[in-house]
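Comments concern the structure below.
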Amino acid sequence: MKRIYLVPTVLMGCVSLTFAQKKKSDTIKSESKLTDIEEVVMIGYGSQKKSDVTGSVGSVKSEDFNKGLVANVGQLLQGKVAGVNVANVSGEPGANQNIVIRGVGSLRSGTTPLYVIDGFVIDNSNTGVANNPMNFINPQDIESIDVLKDASAAAIYGARAANGVIVITTKKGKKGRTQMNLSSNLTISSLANKMNVFSADEFRRQVTAIGGKLDDMGGNTDWQDELTRTAVSKNVNFSASGATENSNYYAALGYEDQEGILYNSNLKIFRACKCFTKSF
């Protein structure tokens with residue numbers, strides 16, 4: 001007589017245990033429930049059920065990212081995670097951003113959170129890129145972003161996690177045919193509201209009204225028009241990915257040319273990414 005026990009498990013492959021007792025053999029099989037995979041969140045060196053960490057972890061998938069001309073991670077997250085405030089320092093292309101997770105957590109280290117990309121901790125002072133330290137990674141290469149907001153993140157990453165942790169997972173190849181993706185977008189921006197100032201004739205009248213003298217040689221220049229422009233920004237990305245039984249690959253190229261509305265303000269970035277993983 002042979003008895004088979006089906007033991008449901010979560011996130012496990014099929015495990016078969018066979019043992020003999022006299023002339024009887026029992027087999028225990030484990031069936032995986034892949035439908036529960038989305039309920040698990042990676043939090044560093046381990047994982048937890050999402051229901052246990054709902055208040056302290058915010059997760060954003062690639063399909064939920066902000067669309068349009070996005071230059072860095074902060075713009076992907078803006079307005080997507082509760083308790084995470086993203087504010088631009090200036091309107092300059094590629095300018096830094098203040099990302100504050102649940103308020104200020106450090107007196108001397110600023111408000112910048114710790115970035116972890118595919119398990120590698122990034123020191124923001126040594127990324128080799130001016131302005132925003134996250135400009136070096138292409139937003140199109142990001143699969144998901146997890147934000148660790150509570151103090152327990154310090155147990156994993158130490159004092160550097162005092163301002164929270166942003167865990168970035170990049171895209172990997174998937175089984176099947178080789179996938180190739182080409183995307184491009186064009187953005188036009190201009191000055192939303194001009195400052196309301198005197199025209200040249202109004203300014204002359206005001207100077208005369210207070211008893212002043214003005215010798216401007218009849219000049220009539222609107223400097224707001226002279227210093228600003230209608231900016232045209234372009235973004236082109238190409239990627240190829242695939243996988244076999246024991247390996248996967250992902251390669252991507254990206255070009256971004258972002259113009260500012262002020263003359264001589266622009267950001268040009270060439271990005272390349274290559275990832276190959278093989279299991280033995």
Quick one: closest heavy-atom pair of [X] and [Y], and the distance?
X: T112; Y: N163; result: O-ND2, 3.4 Å
X: G173; Y: S241; result: CA-CB, 3.9 Å
X: V86; Y: G74; result: CG1-O, 3.7 Å
X: Q224; Y: V197; result: NE2-CG2, 3.9 Å
X: V165; Y: I101; result: N-CD1, 4.3 Å

If only atom types and distance count, is the side chain of [X] paired as donor or acceptor with the main-chain N or O of [Y] below 3.5 Å?
X: Q140; Y: N237; answer: no
X: S233; Y: E259; answer: yes
X: N72; Y: Q75; answer: yes
X: N235; Y: N185; answer: no

Look at the side-chain heavy atoms of Ile, Leu, Val, Met, Phe, Trp and Tyr, link any pair under 4.5 Å apart, and say whether [X] and [Y] land in one connected group.
X: L253; Y: Y255; result: no
X: L76; Y: V60; result: yes
X: L227; Y: L191; result: no

_If you count heavy atoms of other groups shown closer than 6.0 angstrom to CD of E245, is the number above 12?_
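Counting neighbours around CD of E245, 12 or fewer heavy atoms of other residues, nucleotides or ligands fall under 6.0 Å, so no.
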
*May I ask you to check whether K172 and T170 show a side-chain donor-acceptor distance below 3.5 Å?*
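The answer is yes; a qualifying pair exists.
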
*Does a donor on one side chain sit under 3.5 Å from an acceptor on the other, for D141 and Y250?*
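Indeed, the side chains of D141 and Y250 share at least one donor-acceptor pair under 3.5 Å.
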
Taking side chain as C-beta onward, heavy atoms only, is [X] less than 4.5 Å from [Y]?
X: I142; Y: I137; value: yes
X: F120; Y: I168; value: no
X: V84; Y: V100; value: no
X: T169; Y: D118; value: yes
X: K80; Y: N66; value: yes

Within this structure, what is the [atom1]-[atom2] distance for the pair [X] and [Y], rounded to the nearest 0.5 Å?
X: I99; Y: Y115; atom1: CD1; atom2: OH; answer: 3.0 Å
X: Q179; Y: N181; atom1: CD; atom2: CG; answer: 6.5 Å
X: K149; Y: I166; atom1: NZ; atom2: CD1; answer: 11.5 Å

*Thinking salt bridges, do K234 and D257 make one under a 4.0 Å N-O criterion?*
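Result for this pair is yes, salt bridge flagged.
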
*Do K61 and E143 sit within salt-bridge range, that is, some charged N less than 4.0 Å from a carboxylate O?*
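Judged by the 4.0 Å cut-off on N to carboxylate O distance, K61 and E143 do not form a salt bridge.
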
*Looking at residues at least two apart in the chain, or sitting in another chain, which of them share a side-chain hydrogen bond (donor to acceptor under 3.5 Å, both in side chains) with D222?*
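Residues passing side-chain hydrogen bond (donor to acceptor under 3.5 Å, both in side chains) with D222: K194.
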
Report all side-chain donor-acceptor pairs from residues 260-280 shorter than 3.5 Å, counting only partners two or more places apart or in another chain.
{"unit_1": "S265", "atom_1": "OG", "unit_2": "L262", "atom_2": "O", "d": "2.5"}
{"unit_1": "R271", "atom_1": "NE", "unit_2": "N135", "atom_2": "O", "d": "3.0"}
{"unit_1": "R271", "atom_1": "NH1", "unit_2": "E256", "atom_2": "OE1", "d": "3.3"}
{"unit_1": "R271", "atom_1": "NH2", "unit_2": "A71", "atom_2": "O", "d": "3.2"}
{"unit_1": "R271", "atom_1": "NH2", "unit_2": "N135", "atom_2": "O", "d": "2.9"}
{"unit_1": "S279", "atom_1": "OG", "unit_2": "N246", "atom_2": "O", "d": "3.2"}

*asked:* Which residues end up grouped with F203 if you chain together Ile, Leu, Val, Met, Phe, Trp and Tyr wherever their side-chain heavy atoms are less than 4.5 Å apart?
replied: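 F203 shares its hydrophobic cluster with F198, V207, L214.
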
